[in-house]
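Heads up, the thing below is written out as C-alpha cells.
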Protein chains: 2
Amino acid sequence: MPDPKSLDDVTTPALVLDRTRMARNIARLSGRAEALGVTLRPHLKTAKSVEVASCLTGGTPGPITVSTLAEAERFHAAGYDDILYAVGIAPQKLDRAAALRRAGCDIAVILDSAVQARAAADAGVPAMIEIDSDGHRGGLVPDDPALVEIGRILAPGGRLRGVMTHAGESYGAEGRAAHADFAETERRAVVDAAERLRAAGLDCPVVSVGSTPTAHAARDLAGVTELRAGVYMFFDLVMAGIGVCGIDDIALSVLTTVIGHQPAKGWTMVDAGWMAMSRDRGTAAQRVDQGYGVVCDLDGRPLGELIVTGANQEHGIVALRPGGTGPLPDLPVGTRLRILPNHACATAAQHDRYHVIAPGEPGLAVWPRFGGW
Amino acid sequence: MPDPKSLDDVTTPALVLDRTRMARNIARLSGRAEALGVTLRPHLKTAKSVEVASCLTGGTPGPITVSTLAEAERFHAAGYDDILYAVGIAPQKLDRAAALRRAGCDIAVILDSAVQARAAADAGVPAMIEIDSDGHRGGLVPDDPALVEIGRILAPGGRLRGVMTHAGESYGAEGRAAHADFAETERRAVVDAAERLRAAGLDCPVVSVGSTPTAHAARDLAGVTELRAGVYMFFDLVMAGIGVCGIDDIALSVLTTVIGHQPAKGWTMVDAGWMAMSRDRGTAAQRVDQGYGVVCDLDGRPLGELIVTGANQEHGIVALRPGGTGPLPDLPVGTRLRILPNHACATAAQHDRYHVIAPGEPGLAVWPRFGGW
C-alpha cells in the first residue's frame, strides 16, 4: 500500500503521534534538567524509535537509557555511544554488551550482587550499582554491606561507573508534593550510597535518579549528576491521573474506526481492542478509572464521558464511563476516532510504526519503531 | 547472532513452543470436530504463523479464520484461499478484501448492519451475518428484524454466506457442563437465525459457531456446519482455570533468566516483565489468580507455588503465590526458568518468533510470527 498522506488514508487501528505536543513535553523536562543542574539521560524504552530519539536529544546523539540490548544495538547503529542498559544484568548478556563496547559504544550495565559484579568485571563492562530507594523492585539499600563489596569488585580498571535508583512507587502517588517527596527519597538514597563508596576510597562519578513523576517534581538534586525519565515525551492517562500532565499533553493516541453498535446497551464497537491498546489497565487503581482509554474525535478532543469500557483482541467497546451522563454522540459505522492510552509504553509496544502529525499542518510522516530483545 | 541450537543458546526473554503438546491439542479438537460432523475452521489470531497453521490443517491449506487483513494477506500468500475475517467489517477495509478476492482468495467478512451489508455488496465481498448468542459484544439477536433485511441486501449474487456466532462469555464459566450449555446457546442462536433467513426465501449455506471452551464441550451440533476456535492449539492458564485443559497441556511459555533477588521479601527478579508476558491478568477473576504466570523449571515443570506476582516493563517478580507455602528453591542469578502465560493470544503477540522444542528430542526450530494490521 502507498504511504498515507493524512490520517484519512491510514488503516485502523494505528498509532498516532502528535509531534507538537511531544515537542512541548520534551522542552518541559529539558528545561527542568537544566534548572536543576543535571544531565538528562532520556529512557528510550517507550519510544524505541531513532526519529523520536533525535527529537529528545536535539538532533545530535546524547546520553540515553535503554531497557533491552536490542535497543542498545539499534541506537548505537544510529550514532548513540553513551548508553545505560538499566535492567539488572543477566551474566549471559555480557557478551553482547562487551561486543558493543568493542564497537566503540560506551555501554554500562546495572547490577546489585557480587556475582553480577564479578561477571561484569570479567567481561570488561562497566556498571552502576542499583540502589533501592522505595522498595519497588531490585537494588541494595544504601547501608547494605554488599554495596562496598560490589564497589571493590568493580573498581579495578575504573569499572565502577556510579550508583542509580528509580522510584517506581512514585507512579502510585498523586500530586506534585508527593512526587517531590519521592524525588528527595531517590536523591537521598543515591547520595548516601555514593558517600559510602567514596568513604571506602572508591570513585563514584555518576549519581543517577529518575522516574517521570519525580523528574517533574524534584525541588533540588544536590549531589545528583544525572536524571532519567521515559514516558515524559508522550505522557499518558496514568501520568495525567497522578497530576504530572494534563489530558491535552498526551501525544500518543490510537486511531480507530467504528464497526458496529449495540444500541440497547449504549455500546459503540470499534476496531481497537487490546491488540491495539494493550491490556494495560493502569488507571484502574486511580481515582478516575479510564477503562482502556479516553475516546476523542479525529482532532484529538475528548468526546464527553466516552471511554473504552471493554476490549477483546480486535474489538473495543466504547460507552459512557460508569456514572457518566450526557447524550451519546452520533458515531455511524465508519467514523474515525482517536483513543488516548492508559500507558504509553504498553500501547506503543503493540505497534511497529508511528503516524506522526502536527495539528494545523498538512501531511503525515511514518516513523518506524522496533521491539524485541 | 547465529541461530540457537537449544534453549541454552536463546537470548531471554523468548517465546517457547512445545510442539509435542501442540500436536496433542490439535488432535484433540480435530477429533471432536469429526465426531460432531462439522468442518473445523481454526482461528489463526493466536498463532499468526504459517508453520503453526500448517500443523493445524494437516500440512495442506484448509479453511481458516483470521482477525486482521494482515493475517488474511499473509496466509493467502502461503496458499490459504478459504478465509473468514471475523471482525465486524469497517467499510474502509472492503477494498483490501476485494483485492484478495481478485487474487483468488475466497475471503468473507462479518457484519451486523444494513450499512455494512450495502458496502460489502457494492464491493462484491460475501459476508456472514454476526449473531449475538450471549450478549458478549456485536451481532444481532436471531429475531431482530434487521436479520432478514441484511440477508436481502446480501443475497443477490450469492453474497449471503451464512450466519456465525461466538460465545465469548463462555470464558467466564467454569466446567464442562457450563461450557456445553454455552455451546447449546451458540447452536440454537445460529440455527434459529438460519431458519429465519431460509423462511424468508434466502440461502444460508454456512452455520458457524465457536469458542475454545464451547468447541471442547458441545454435546451436539445439529444444524451447524462449521466450528471455529483459536487458542486451543496452545491453551493457557485461563483455559486451565475454567477446566478446558490441564496445566500440562499448555504448549506456550516464556523463557527467562534470573537477574537478582530481594531475599527479605522472598522475591526473585527475572528478565520477563509485561513486555514478554503481556499485561493480561485473565486469571485475576478466576478461582486461582496466577499473577502474571506460573513459574516452571527449564523442562516446563511448575516449581511448587511460585508465580510471577508483579511485572514492570522488563522485570518480573517471582514469589510464592499469596498464601503459598513451601521452601523457596535455590535460583541463583543466571538460572533459566519458563513461565506459563495467562493468555496465549496476548503473550504470543509480544514476540516475533517461536522457539520450537519437542521434549526428549534434540534441536530447536525458530518459526517467525507476525503482527500488525
Side-chain angles (χ1 to χ4, degrees), chain A residues 1 11-14 45-46 67-69 87-93 96 111-113 115-116 119 130 132 135-139 168 257-262 265 267 269 271 273-276 278-282 310 312-315 317 332-334 343 345-346 349-352 371-373, chain B residues 1 11-14 45-46 67-69 87-93 96 111-113 115-116 119 130 132 135-139 168 257-262 265 267 269 271 273-276 278-282 310 312-315 317 332-334 343 345-346 349-352 371-373:
Chain A
M1 283 171 294
T11 299
T12 56
K45 75 188 181 79
T46 314
S67 69
T68 66
L69 286 171
V87 176
I89 190 71
Q92 294 94 326
K93 292 180 182 167
R96 278 170 79 186
L111 49 79
D112 64 1
S113 68
V115 61
Q116 289 168 302
E130 184 175 6
D132 178 9
H136 181 60
R137 56 185 183 214
T257 304
V258 173
I259 58 171
H261 301 89
Q262 291 286 20
K265 295 171 175 164
W267 288 359
M269 318 299 298
D271 67 356
W274 58 253
M275 188 65 85
S278 90
R279 269 292 192 197
D280 197 284
R281 291 278 293 104
N312 297 136
Q313 186 160 338
E314 299 290 351
H315 297 80
I317 297 175
V333 165
H343 187 177
C345 311
Q350 303 296 105
H351 297 264
D352 67 359
W373 292 273
Chain B
M1 283 172 295
T11 298
T12 56
K45 75 188 182 81
T46 313
S67 70
T68 65
L69 287 171
V87 176
I89 189 71
Q92 294 94 325
K93 292 179 182 167
R96 276 170 80 187
L111 49 80
D112 65 0
S113 69
V115 60
Q116 289 167 302
E130 185 176 5
D132 178 9
H136 181 61
R137 54 185 185 215
T257 305
V258 172
I259 59 172
H261 301 89
Q262 290 286 19
K265 295 172 177 164
W267 289 359
M269 318 300 297
D271 67 357
W274 59 252
M275 188 65 85
S278 91
R279 269 290 194 197
D280 198 284
R281 291 278 292 107
N312 297 136
Q313 185 159 339
E314 301 290 353
H315 298 80
I317 298 175
V333 165
H343 186 176
C345 311
Q350 303 296 105
H351 298 264
D352 67 359
W373 292 272

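Order of the sequence lines sets the chain letters (A, B, ...), proteins ahead of strands, with each chain counted from 1.
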So, taking the atom named [atom1] in [X] and the one named [atom2] in [Y], what distance separates them when rounded to the nearest 0.5 Å?
{"X": "R281(A)", "Y": "R281(B)", "atom1": "CZ", "atom2": "CZ", "value": "12.5 Å"}
{"X": "R137(B)", "Y": "K265(A)", "atom1": "CZ", "atom2": "NZ", "value": "11.5 Å"}
{"X": "H343(A)", "Y": "S278(A)", "atom1": "NE2", "atom2": "OG", "value": "8.0 Å"}

Residue among [options] with most heavy-atom pairs under 4.5 Å to chain B:
{"options": "Q262(A), M269(A), H136(A)", "result": "Q262(A)"}
{"options": "G371(A), A346(A), A14(A), P332(A)", "result": "A346(A)"}
{"options": "V333(A), N312(A), D112(A)", "result": "N312(A)"}

**Prompt:** Considering all heavy atoms of both residues, which atom of I89(B) and which atom of I259(A) are nearest to each other, and what is their separation?
**Reply:** C-CG2, 4.3 Å

Region of [X] that comes under 4.5 Å of a non-hydrogen atom in chain B:
{"X": "E130(A)", "value": "neither"}
{"X": "P13(A)", "value": "both"}
{"X": "A276(A)", "value": "both"}
{"X": "T257(A)", "value": "side chain"}
{"X": "D352(A)", "value": "neither"}

For chain A, find which of [options] contributes the most heavy-atom pairs closer than 4.5 angstrom.
{"options": "T68(B), V87(B), L69(B)", "result": "V87(B)"}
{"options": "Q92(B), Q116(B), H351(B)", "result": "Q92(B)"}
{"options": "G135(B), G372(B), G282(B)", "result": "G135(B)"}

Side chains of [X] and [Y], heavy atoms from C-beta outward: is any pair under 4.5 Å?
{"X": "H261(B)", "Y": "S113(A)", "value": "no"}
{"X": "W274(B)", "Y": "Q313(B)", "value": "yes"}
{"X": "V115(A)", "Y": "P91(A)", "value": "no"}

**Message:** At a 4.5 Å cut-off on heavy atoms, which part of W373(B) comes close to chain A: side chain, backbone, both, or neither?
**Reply:** both

**Message:** Determine whether a donor-acceptor pair (N or O, by modelled atom type, separation under 3.5 Å) exists between the side chain of Q350(A) and the backbone of M275(A).
**Reply:** yes

